[in-house]
Amino acid sequence: MTEIICNVLSFFRDLIVNHFPDISIGSGNLSSVADAFETMISFIAQINFLVPLPTMFTILSLVYGLKIGKFVVFLVNWVIRRIADIIP
């Protein structure tokens, strides 16, 4: 899971460095943003042994998965009720 996070941050860093045109702020500031992303990537890779990132993301995905499931059940029930209102 940590590799996925690091790869996503690396993607955004590469997007900023390679695909955005030079803006009027100067390339020095743009390179400092890329350096900040690299620092975040290294920090996440180093903190993985203190904070169980895969477990935290598993729990968050379960919580939000259940919320999305409840919302889908609500939508299905709402559609069924509207159809039942039309049909006497």
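What's counted below: heavy atoms across the whole structure, side chains too, no hydrogens, waters or symmetry copies.
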Would [X] end up clustered with [Y] when hydrophobic side chains under 4.5 Å apart are linked, directly or stepwise?
{"X": "Phe43", "Y": "Phe57", "answer": "yes"}
{"X": "Val8", "Y": "Phe11", "answer": "yes"}
{"X": "Val76", "Y": "Ile68", "answer": "yes"}

ask   = Minimum heavy-atom separation for Pro54 to Thr58, with atom names?
value = O-OG1, 2.7 Å

message = By the salt bridge (charged side-chain N to carboxylate O under 4.0 Å, His left out) test, which pairs, at least two apart or in different chains, include something from residues 52-74?
response = none

Test item: Val79 and Leu75 side chains (from C-beta on) under 4.5 Å apart, heavy atoms = no

If I take atom [atom1] from residue [X] and atom [atom2] from residue [Y], how far apart are they, to the nearest 0.5 angstrom?
{"X": "Thr55", "Y": "Leu60", "atom1": "OG1", "atom2": "CG", "result": "11.0 Å"}
{"X": "Trp78", "Y": "Phe71", "atom1": "CH2", "atom2": "CZ", "result": "10.5 Å"}
{"X": "Met40", "Y": "Cys6", "atom1": "CE", "atom2": "SG", "result": "10.0 Å"}

Pair up each side-chain donor or acceptor in residues 80-88 with any protein partner under 3.5 Å, not counting sequence neighbours, and list the distances.
from, atom 1, to, atom 2, distance (Å)
Arg82, NH1, Asp85, OD2, 2.9

